[in-house]
Structure formats: C-alpha cells, structure tokens
Amino acid sequence: MRRTAQILSALAIVAALPACTTTRVGEDRLAQRDPLEGFNRGVWGFNRGADKVVIKPVTTVYRAVVPKPGRDGVRNFFNNVSEPFSLINNVLQGKFDRAARNLGRFLVNTTAGIGGLFDVASRAKIQPAPEDFGQTLGAWGANGGPYLMLPFFGPSTMRDGVGLGVAWVADPYSVCRRECGLPKEVRYGLLAATVVDARNSLIESGADSFLESALDPYAAARSAYLQRRHAQILNQEGGDQAAEDAAAADSVANPMGGSPATGVDEDAGIPAPDATSAADADAGIPPADAAPAPAPQPAAPQTPPAQPQ
C-alpha cells in the first residue's frame with residue numbers, strides 16, 4: 001500500500017503544473033486520420049472473432065440465466081468500486097464538486113446500497129461523475145495521439161492507453177484485487193465478470209445494432225469512440241447518443257478500408273450468415289442462399305423463307 005501512496009503522490013505533483021496552465025482540452029486530429037489503420041483493423045478483426053466465438057455467447061447465457069435486477073446489481077457493484085479512482089482523477093483536474101459526488105456516492109452505495117449492489121445514491125439525487133486518467137490527461141491538454149485498437153479492450157488512443165496503464169497500478173480497486181490477499185479464483189472471477197458486464201452493457205446500449213447498420217463498422221466504432229471520449233473529457237451530458245449519430249454519418253460519408261458492403265463481420269473475416277448487405281440489395285443482387293434464376297433458353301432457329309423460283 002505504501003507503493004500505491006507514492007504513486008498517487010507523484011500524480012498529484014505532476015498534476016500541479018499542467019492543471020494550472022491548460023486552457024483547452026487535448027485534440028484527436030491524429031487519431032481521426034488513423035495512421036495505424038492497417039494494424040488497428042487486424043486487431044479489430046481479432047476482437048470481433050473473439051467476441052463472436054467466446055465473449056458474446058457467454059454474455060448471452062449470462063443474460064438468459066441472470067434476471068435483469070441481478071445484472072443491474074453486478075453493474076452497480078463495478079460502478080461503485082470505480083468511484084475512488086474517479087475521485088482521484090476529479091481532484092487531479094481540479095473538479096472538486098465532482099470529486100465530492102464520487103465520495104458521496106461511494107459512501108452511500110457502499111453502506112445503504114449493500115456493498116454497491118444498489119444505486120441508492122442516484123435515488124438520493126447524487127449523480128455519477130466518472131473520470132479516468134485518460135480523461136485527466138485530455139483535460140490537461142494532452143492530445144490523443146494515434147487511434148489505437150487494443151486486443152480485448154477495444155477502441156482507444158495512445159493517451160487513453162497510457163491512462164489504462166496508470167489505472168492498472170493506481171486504481172484502488174485494481175490494487176486491492178491484486179494485493180488484498182483474495183483467492184486466485186476470486187481474482188479471475190472478478191476479471192471475467194468485468195468483461196461480461198461490459199459486454200452486457202454494450203448489448204443493452206444498442207451497440208450491436210449500431211454496428212450492424214453501419215456500412216463500415218470499424219470506421220463507425222472509431223468515430224463513435226472519439227466523439228464519446230471528447231464529450232467525456234468536457235463532461236458533456238448525453239454525449240453517447242451524439243457520438244453514435246456523428247459516427248453513423250461519418251461512416252457513410254467516409255467509408256475506409258475494404259469493401260464495406262458485405263456486412264458487419266467482414267472486418268473480422270467472418271461472413272454474415274445468409275445475409276444480404278444493403279449495397280447488394282440496392283444493386284439487385286439476391287441473397288447467397290437464394291435459388292439462382294433459370295438461365296434463358298436460346299431461341300429456336302428460324303427457317304429462312306424459300307427463295308422464289
């Protein structure tokens with residue numbers, strides 16, 4: 001725990017310099033150009049394949065077995081254990097009113113909410129104020145750097161990737177999960193539950209339908225992520241819906257990479273089962289499993305008229 005205290009003290013010292021001088025948040029212009037697109041599309045394909053084979057099927061079983069109140073309790077628990085790190089990042093950004101909300105939510109939900117299983121704080125009008133270290137760097141003025149697709153973690157930027165690394169060593173929940181003497185089975189179970197809960201949240205948010213409707217799912221996911229992160233850094237409410245709308249428009253206007261007309265799973269190298277894309281439908285191309293139209297029969301040769309004698 002002494003190591004953790006030293007890390008947090010160092011972060012506070014570093015925060016003192018840029019937090020006092022920054023007048024604008026970091027930008028994502030390089031990320032929008034996506035100079036690492038070839039690499040990112042490869043990782044995107046890997047992630048989509050892993051999701052199709054393992055993560056989504058497990059999440060589907062989870063949704064079938066665990067009723068919605070139980071799934072909400074799991075989500076509330078993980079939201080609650082994230083409050084201390086959100087508090088730290090709000091303090092580093094000088095947002096003390098939001099830090100007070102983190103503290104209030106954590107105390108209320110940990111006690112009255114039975115370890116965070118129930119979101120009593122929201123009923124008490126204490127609204128969430130989530131922050132992470134990537135947002136802190138952006139608020140200090142750090143640009144996003146190149147867009148980066150991370151294995152299993154999904155969309156990110158170089159700045160947010162650094163934020164994930166800092167969270168691994170400085171987030172009190174992550175530190176406790178490693179150093180509080182929890183049995184190995186509990187640690188692995190918590191990691192698995194985190195992944196399944198995150199995938200369940202994507203399903204409930206309509207992310208699958210959003211990607212299926214996009215001409216280029218990779219480009220749509222990239223644009224949505226960058227729009228949402230910008231809104232999060234600025235603490236704008238309702239940023240998710242605006243991000244999806246902007247991403248949908250961007251993927252239509254600026255499709256990138258291979259042919260976007262083959263459906264949602266082309267980027268993963270997985271053809272959509274028995275599906276006809278919107279582009280194929282417009283072109284009059286029938287589904288792959290449709291019976292082929294009969295070939296036209298050649299016309300019977302006509303006997304030339306007899307020549308007069």
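These numbers come from the heavy atoms of this one structure, side chains and all, not from hydrogens, waters or symmetry mates.
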Any donor-acceptor pair under 3.5 Å linking the side chain of [X] with the backbone of [Y]?
X      : Y      : result
Asn80  : Asn76  : no
Gln232 : Gln135 : no
Asp171 : Ser82  : no
Arg187 : Leu182 : yes
Asn200 : Arg71  : no
Thr111 : Val108 : yes
Arg177 : Leu191 : no
Ser223 : Ala219 : no
Asn102 : Ala129 : yes
Asn143 : Gly26  : no

Heavy-atom pair of closest approach, residues [X] and [Y]:
X      : Y      : answer
Arg159 : Gly138 : CD-N, 3.7 Å
Thr157 : Ala31  : CG2-CB, 4.2 Å
Val81  : Phe78  : CG2-O, 3.2 Å
Phe152 : Ala50  : CE2-CB, 4.4 Å
Pro130 : Arg98  : O-NH2, 3.5 Å
Gly113 : Val120 : CA-CG2, 3.7 Å

**Request:** Could you check Phe96 against Asn90 for side-chain contact (heavy atoms from CB on, under 4.5 Å), going step by step and ending with a plain yes or no?
**Result:** CA-CA 6 Å; Phe96 300 107; Asn90 274 314; over 6 Å; no

Can you find a pair of side-chain heavy atoms, one from [X] and one from [Y], that are under 4.5 Å apart?
X      : Y      : value
Pro155 : Asp160 : no
Val195 : Val58  : no
Phe39  : Leu148 : yes

**Request:** Would you please test Asp119 and Arg75 for salt bridge (Lys or Arg N to Asp or Glu O under 4.0 Å) and show each step?
**Result:** CA-CA 10 Å; Asp119 187 4; Arg75 182 176 308 163; over 6 Å; no

**Item:** Between Asn40 and Asp34: side-chain donor-acceptor atoms closer than 3.5 Å
**Value:** yes

Could you state the interatomic distance from [atom1] ([X]) to [atom2] ([Y]), rounded to the nearest 0.5 Å?
X      : Y      : atom1 : atom2 : value
Arg105 : Leu87  : CZ    : CG    : 12.5 Å
Gln93  : Leu137 : CD    : CG    : 9.0 Å
Asn79  : Ser122 : CG    : OG    : 9.0 Å
Met149 : Tyr225 : CE    : OH    : 10.0 Å

**Asked** How far apart are the C-alpha atoms of Asp132 and Arg229, what are their side-chain angles, what is the distance that settles it, and do they pass the salt bridge (Lys or Arg N to Asp or Glu O under 4.0 Å) test?
**Response** CA-CA 11 Å; Asp132 57 53; Arg229 286 300 282 173; 3.0 Å; yes

**Asked** Is the number of heavy atoms from other residues, nucleotides or ligands under 6.0 Å of Tyr173 OH greater than 12?
**Response** yes

**Request:** Show the numbers, then the answer: is there a side-chain contact (heavy atoms from CB on, under 4.5 Å) between Val74 and Val66?
**Result:** CA-CA 10 Å; Val74 172; Val66 180; 5.8 Å; no

**Message:** Please evaluate residues Arg101 and Asp97 with respect to the criterion salt bridge (Lys or Arg N to Asp or Glu O under 4.0 Å), reporting the C-alpha separation (whole Å), side-chain torsions for both, the decisive distance (0.1 Å), and the verdict.
**Reply:** CA-CA 7 Å; Arg101 284 156 56 184; Asp97 56 334; 5.2 Å; no

**Partner of Lys56 by side chain to side chain contact (heavy atoms under 4.5 Å, CB included), out of Leu202, Val196, Asp51** = Asp51

**Request:** From the options Thr136, Asn89, Asn235, select the one residue that forms a side-chain hydrogen bond (donor to acceptor under 3.5 Å, both in side chains) with Glu131.
**Result:** Asn235

**Ring-face cation of Arg222 near Trp44 (centre distance under 6.0 Å, axis angle within 45°)** = no

**Message:** What I want to find out is whether Asp72 reaches Lys68 closely enough, with some N-O distance under 4.0 Å, to be called a salt bridge.
**Reply:** yes

